[in-house]
Peer 1: 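This is the structure I have questions about; it appears just below.
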Amino acid sequence: MSMNHQEIQEKWQRFWEENQTFKAEGPSSKKPKYYVLDMFPYPSGAGLHVGHPLGYIASDIMARYKRLQGYNVLHPMGFDSFGLPAEQYAIQTGQHPKITTEVNADTYRKQLKKIGLSFDWSREFKTSDPSYYRWTQWIFLQLFNLYYDVELKKASPISHLQKHFALYGSKDNHAFNGHELSFTPHEWKQYSSKQQEDILQKVRLVYQDYQTVNWCEALGTVLANDEVKEGLSVRGNHSVVQKKMMQWNLRITAYAERLLHYPSDIHWPKALMEMQQNWIGRSQGLELTFSTELKENLDVFTTRPETLYGVTFMVVAPEHPLVQRVKGNKELQEFLQYVGRRSERERLSEKNYKGVFLGFHATHPLTKKKIPIYTSEYVLMNYGTGAVMAVPGHDERDKAFAEEHQLPIISVIDEKTQSLINSENLNGLSIEEATKEIIKLAEEEEGFGKSSIQYKLRDASFSRQRYWGEPIPVYFKEGIPTLIEEKDLPLELPDVDEYLPTSDGRPPLARAKNFHYKNHPLEVSTMPGYAGSSSYFLRFMDPHNQDAFLSLEAMRYWQEVDLYVGGSEHATGHLLYSRFWNMVLFDLGIVEKENPFKKIVNQGMILGKSSLLYRTKEGKTFVTAEKKDEFDTVPLHVDISLVDPVTHKLDIENFKKWRSEYASYDFILNENKDYICGQIVEKMSKSFYNIVSPDTIVQEYGADTLRLFEMFLGPIDASKPWNQGSIEGPYRFIQRVQRLFLDDKGNLIVTKEVATVEEKKILHKTLKKIAHDIEKFSFNTAVGQLMIFVNEMYKLSCHKEEILKPFLLCLSSFAPHLCEELLEKLGEKDLRFMSYPAWDEELTQENTFELPVSFNGKRRFSMEVPLNITQDEVMNLLQKDDRFTHQITGKTIKKIIFVPQKILNIVIS
RNA sequence: GCCCAGUUGGUGGAAUUGGUAGACACGCUAGGCUUAGAACCUAGUGGAGCAAUCUGUGGGGGUUCAAGUCCCUCACUGGGCACCA
């Protein structure tokens with residue numbers, strides 16, 4: 001009789017809770033620290049499916065393993081609880097999102113505990129708790145009071161800059177973006193408070209500005225670039241248009257260069273870093289000034305300075321200021337109207353480059369030729385200078401435009417020799433030499449340009465016209481955005497009668513009564529979803545501190561997240577914003593490390609297997625999968641609980657009950673009179689009826705089996721379908737482990753016998769391999785090793801405590817409930833006071849090995865030899881071996897390759 | 001279009017980084033136990049062949065004594081970016 005996993009789970013989960021087993025020690029701990037963090041979830045109404053815990057289980061194994069290794073492990077969990085679904089539910093039902101959030105978080109917490117995850121729940125918070133978002137708002141205050149100093153390369157207090165302005169005006173200021181300012185100290189003093197603030201807004205790290213934003217009418221809010229895909233909102237697929245609005249923004253562009261660099265001790269997946277680097281999109285080039293027939297010059301940015309002689313026309317974005325200078329050009333007006341009508345999406349998909357000549361010219365800085373200036377959609381206002389020097393000879397888009405408008409195309413680089421042609425005195429130079437030469441000309445001799453670096457990264461929009469988010473701690477004093485005082489934080493989210501925008505289109509917070517501060521109106525937009533998640537990992541270090549965001553002791557002790565587990569989809573969102581906030585806090589001396597996450601592991605997605613019925617297009621009939629091609633059918637998702645997971649046979653009776661509208665339908669069956677469903681692998685989703693809940697698995701097989709199974713599915717970072725059939729393996733393994741310790745009646749059969757060398761060797765090799773696999777995050781092979789160990793014990797009929805007890809410690813990170821129970825039966829009180837067994841290095845080594853012997857690269861046989869055998873010794877042995885003499889009879893040995901401990905290859909002819 | 005990752009039995013996946021494939025598990029086959037079934041235990045299991053042996057890591061080519069692993073090329077799958085000058 002095997003133990004009841006339900007009972008054991010409940011027993012130990014209660015034990016852990018009562019004894020606060022996983023509570024991390026404070027910063028005064030003498031132990032070394034290890035901080036393992038999971039990307040905390042948004043608690044949705046659907047609860048967890050088996051895909052969610054994949055990363056949690058992996059990080060939990062690491063946390064438990066590190067505890068056994070003697071580390072003080074911080075392994076917290078919380079909830080990213082601000083967000084759209086709760087708000088939309090509130091709009092529909094009138095229920096306060098706080099309540100929805102609470103209920104959903106409770107469900108999540110319960111589900112997570114059932115899996116036996118060793119979180120320190122004493123540190124839990126939700127981002128929507130006022131006691132937490134107080135500190136999110138506090139960081140907003142910091143950002144508001146900072147500018148980025150390009151000389152010091154760090155954030156600095158805005159008060160320094162104010163002093164500079166009063167003494168020297170805008171001259172020689174080192175503020176990022178400060179070059180746009182131009183005033184004397186006298187003028188500064190004459191400015192009104194409002195005018196001064198308008199200037200400061202141009203340099204603050206969080207600032208208000210009219211911005212062309214991604215406005216989603218259907219969601220009634222502004223979206224960040226990464227929340228929009230191909231002109232549609234990522235959430236809900238609603239259409240998104242460009243609109244000018246007064247918005248709060250984060251000046252993340254100031255940190256573009258610093259965000260590009262990672263310290264050498266950081267271990268992130270390569271793909272993740274590349275994604276971030278592409279997103280930041282640094283390009284080095286030359287900014288050139290072309291004089292025009294108007295008063296204004298035209299600045300362009302190019303990464304190909306060497307093609308300067310190939311410029312035959314200029315193109316500026318339709319939004320470029322130069323375009324507005326043109327008056328009374330009917331064709332241009334029509335064109336601008338046409339552009340204005342088009343959505344972002346249409347503009348991007350356009351491959352025929354329409355454009356209009358503006359009616360005047362620029363002068364080429366070297367040839368002094370007149371170059372016509374055009375405007376076209378393919379040039380973007382928000383990259384570089386919003387204007388390009390067109391080189392149709394070497395740029396596809398410029399070429400397409402030139403062909404469309406019959407403009408000359410000059411080739412300046414010979415394709416064969418890769419050297420310059422048609423470029424006057426540059427002719428014959430290599431691309432590299434020519435680039436240098438042009439830069440020299442531009443910067444020094446002729447002075448028409450300077451080296452420049454451009455980034456694709458844009459400032460991040462920080463306003464949302466939404467209710468369920470952190471209120472922005474700003475009020476408007478005579479129209480001047482002013483911070484509320486730190487002592488008055490948190491600025492709590494007010495109650496409203498409805499969660500919709502007002503009739504005049506203002507955000508829901510505008511509905512709140514008395515939403516004022518010192519009799520002035522408060523900001524009514526709220527922070528975006530990423531605000532709450534951009535510093536939560538720091539707050540976990542010191543979650544109950546009422547006086548500070550993070551105490552000095554906690555910061556010095558915990559330093560950074562050692563291991564961060566989560567999905568790679570956060571590469572350009574959460575992970576980038578978090579690094580940015582962390583860098584600002586680093587500049588302020590509030591955090592110890594410039595980068596917050598030392599190692600990141602991206603877990604893959606567990607996909608669902610959906611079942612499909614095939615309905616004929618006309619007629620009320622379903623066709624079995626084998627015969628679906630004989631009919632014209634449309635697929636229909638059916639709940640996987642109605643389908644046999646192995647045979648894919650449909651339970652027709654229950655299907656008809658599930659969907660009564662199909663009760664009268666006919667079923668065309670196969671030869672065996674069965675209806676077989678089609679299968680496809682896709683994301684687990686409510687709407688596909690393919691969700692497998694961890695709760696049912698835990699109930700049927702136990703939490704330990706679930707944990708082992710999820711780890712055994714494959715590499716942690718791979719996406720893989722949930723394949724329920726193979727859960728039997730880990731389930732049997734758990735049973736087999738039990739049977740090593742207990743007989744059918746549940747009596748302990750473990751003996752105190754002394755272990756043999758062979759048994760010890762197996763144990764110590766396992767201990768070593770498992771430790772290595774865990775460190776390498778190779779959990780699937782680790783589980784394999786555990787299984788091999790148990791198989792070996794069966795073969796040897798070994799029930800010796802000396803061997804089995806250390807094995808339990810090794811297993812306990814994977815299957816904690818079972819191991820606690822068995823260890824208790826062996827007289828151990830509490831896993832907390834035990835440690836991962838040290839292995840004897842000598843016992844893990846073999847002193848002989850199987851040397852493969854091959855001839856001409858073909859393996860013929862192998863022989864057991866001592867580890868350190870020499871080539872001569874091997875050859876001596878071989879002379880006496882029939883298998884060798886047989887092979888070389890009548891042949892000559894041309895060459896012998898002997899690689900110690902690897903192979904002996906004999907080349908014969 | 002560009003960048004990255006991948007392609008190994010019926011299935012999920014191993015392979016000490018160039019050392020002679022397929023660990024572990026599922027499934028399947030046979031046997032044992034059982035009145036029977038379930039569970040469990042034992043053995044087998046890439047393909048072909050009675051066998052020796054041959055052949056095999058998406059296709060083609062190459063480097064090497066030796067290639068799943070390195071190079072070139074093509075195909076496919078997944079992910080990211082995409083008028084970024």
Side-chain angles (χ1 to χ4, degrees), chain A residues 2 229-230 269-279 281-283 285-287 300-304 307 314-315 317 347-351 353 376-380 382-391 394-398 400-401 454-458 568-569 571-572 602 604-605 646 708-709 712-715 717-733 735-736 739 744 769 772 778 780-791 794-795 851-860 862 894-908:
Chain A
S2 71
K229 227 173 194 174
E230 293 177 10
K270 232 177 75 193
L272 201 67
M273 288 203 211
E274 269 166 20
M275 265 191 247
Q276 282 202 348
Q277 291 180 349
N278 290 339
W279 188 259
R282 181 188 201 270
S283 8
L286 194 62
E287 209 172 306
V300 299
F301 174 72
T302 180
T303 53
R304 303 281 308 273
T307 61
M314 313 287 282
V315 188
R347 285 179 65 166
L348 290 183
S349 58
E350 182 61 68
K351 287 285 168 261
Y353 298 143
S376 174
E377 295 184 81
Y378 82 88
V379 176
L380 307 173
N382 49 13
Y383 182 76
T385 61
V388 299
M389 55 175 228
V391 186
H394 304 280
D395 183 285
E396 268 182 48
R397 293 151 306 167
D398 294 345
F401 190 87
Q454 295 292 330
Y455 301 90
K456 289 187 213 170
L457 185 70
R458 312 281 159 76
S568 61
E569 67 272 20
T572 56
N602 293 129
M605 222 195 313
V646 179
L708 283 162
F709 178 54
F712 195 52
L713 273 176
D717 51 354
S719 287
K720 52 239 156 184
W722 178 259
N723 201 352
Q724 181 119 4
S726 44
I727 199 170
E728 291 294 336
Y731 184 65
R732 281 176 203 155
F733 167 74
Q735 309 294 319
R736 279 164 72 85
R739 273 184 268 117
D744 329 348
K769 277 183 179 159
H772 283 344
S778 179
N780 55 335
T781 55
V783 175
Q785 289 303 327
L786 293 166
M787 288 175 171
I788 291 171
F789 175 86
V790 170
N791 289 347
Y794 265 73
K795 267 185 210 153
L851 178 72
V853 179
S854 44
F855 296 85
N856 287 345
K858 280 238 182 319
R859 181 181 181 163
R860 289 294 138 162
S862 59
K894 293 177 85 175
K895 199 173 175 184
I896 297 169
I897 293 107
F898 175 68
V899 184
Q901 297 181 35
K902 286 205 168 151
I903 195 150
L904 179 77
N905 189 18
I906 300 160
V907 185
I908 53 178

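Letters A, B, ... mirror the listed sequences (proteins, then strands); counts begin at 1.
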Peer 1: Starting at CG of A/D395 and ending at C1' of B/G1, how long is that distance when rounded to a whole Å?
Peer 2: 13 Å
Peer 1: Which nucleotides of nucleotides 22-36 of chain B have their base under 4.0 Å from a protein heavy atom (B), which only their sugar-phosphate (S), and which neither (-), written as one string 5' to 3'?
Peer 2: -SBSSS---------
Peer 1: The side chain of A/T303 is closest to which nucleotide in this list: B/C65, B/A85, B/C3?
Peer 2: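 Among the listed nucleotides, the one closest to the side chain of A/T303 is B/A85.
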Peer 1: With P as the reference atom in both, quote the distance from B/G68 to B/A21 in angstrom, rounded to an integer.
Peer 2: 8 Å
Peer 1: By the 4.0 Å heavy-atom rule, please label A/T385 as base, sugar-phosphate, or nothing.
Peer 2: nothing
Peer 1: Looking only at the side chain of A/V388 (C-beta and beyond, no hydrogens), which of the listed nucleotides B/A85, B/G13, B/A82 gets closest?
Peer 2: B/A85
Peer 1: I want to confirm an ordering. Mapping A/K895 and A/R859 to their closest nucleotides on RNA chain B, which one lands closer to the 5' end?
Peer 2: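 The residue closer to the strand's 5' end, by nearest nucleotide, is A/R859.
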Peer 1: Starting from Watson-Crick (N1-N3 plus N6-O4 or O6-N4) and G-U wobble pairs under 3.5 Å, report the runs of at least three that RNA chain B belongs to.
Peer 2: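 Correct response: B:1-7 with B:75-81, B:10-12 with B:24-26, B:27-32 with B:40-45, B:46-48 with B:53-55, B:58-62 with B:70-74.
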Peer 1: Using atom P of each nucleotide, how far apart are B/A25 and B/G46 to the nearest Å?
Peer 2: 15 Å
Peer 1: Distance check needed: B/C83 P versus A/F301 CZ, whole Å only.
Peer 2: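 One finds 17 Å between P of B/C83 and CZ of A/F301, rounded.
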Peer 1: Looking at the base of B/C81, is there any donor atom on it, or on the side chain of A/N278, that sits under 3.5 Å from an acceptor on the other one?
Peer 2: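 Answer no: no donor N or O sits under 3.5 Å from an acceptor.
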Peer 1: Check whether any side-chain nitrogen or oxygen of A/K270 sits under 4.0 Å from OP1 or OP2 of B/A5, and answer yes or no.
Peer 2: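 It does, given that an N or O in the side chain of A/K270 lies less than 4.0 Å from OP1 or OP2 of B/A5.
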Peer 1: Compare the minimum distances between each of B/C40, B/C83, B/C65 and the side chain of A/Y378, then state the nucleotide with the smallest one.
Peer 2: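 Of B/C40, B/C83, B/C65, B/C83 is nearest to the side chain of A/Y378.
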Peer 1: Can you check the distance between B/G9 and B/C28, where both ends of the measurement are the C1' atom (answer in whole Å)?
Peer 2: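 Those two atoms are separated by 13 Å.
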Peer 1: Which whole number of Å gives the distance between the P atom of B/U17 and that of B/U64?
Peer 2: 24 Å
Peer 1: Return the nearest nucleotide to the side chain of A/K902; candidates are B/A82, B/A85, B/G19.
Peer 2: B/G19
Peer 1: Have a look at B/G9 and give me syn or anti from its glycosidic angle (syn if within 90° of zero).
Peer 2: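 Chi for B/G9 falls in the syn range.
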Peer 1: Quote, to the nearest angstrom, the C1' distance that separates B/G1 from B/A66.
Peer 2: 40 Å
Peer 1: Report the residue (A/N723 or A/R736) whose heavy-atom-nearest nucleotide on RNA chain B is the more 5′ of the two.
Peer 2: A/N723
Peer 1: What is the distance, to the nearest angstrom, from the CG atom on A/L713 to the P atom on B/G12?
Peer 2: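 It is 12 Å, rounded to the nearest whole Å.
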Peer 1: Sticking with atom C1', work out how far B/A39 lies from B/U34, rounded to a whole angstrom.
Peer 2: 11 Å
Peer 1: Could you measure between the two C1' atoms, the one in B/A52 and the one in B/C76, and give it in whole Å?
Peer 2: 39 Å
Peer 1: Determine the Euclidean distance between corresponding P atoms of B/C24 and B/U73; express it in Å to zero decimal places.
Peer 2: 39 Å
Peer 1: Checking all strands, does A/P721 fall into the base, sugar-phosphate, or nothing category for heavy-atom contacts under 4.0 angstrom?
Peer 2: nothing
Peer 1: Could you tell me how the ring of A/F401 sits relative to the ring of A/Y378: parallel (under 30°), tilted (30 to 60°) or perpendicular (over 60°)?
Peer 2: tilted
Peer 1: Among B/A85, B/C65, B/U55, which nucleotide has an atom closest to any side-chain atom of A/Y383?
Peer 2: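 Looking only at side-chain atoms, A/Y383 lies closest to B/A85.
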Peer 1: How would you label the contact of A/R860 with the nucleic acid (heavy atoms, under 4.0 Å): base, sugar-phosphate, or nothing?
Peer 2: sugar-phosphate
Peer 1: With sugar-phosphate meaning primed atoms plus P, OP1 and OP2, does A/K894 contact a base, only sugar-phosphate, or nothing at under 4.0 Å between heavy atoms?
Peer 2: nothing
Peer 1: A/I897 has a side chain; which of B/A5, B/C65, B/A85 sits nearest to it?
Peer 2: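 So the nucleotide nearest the side chain must be B/C65.
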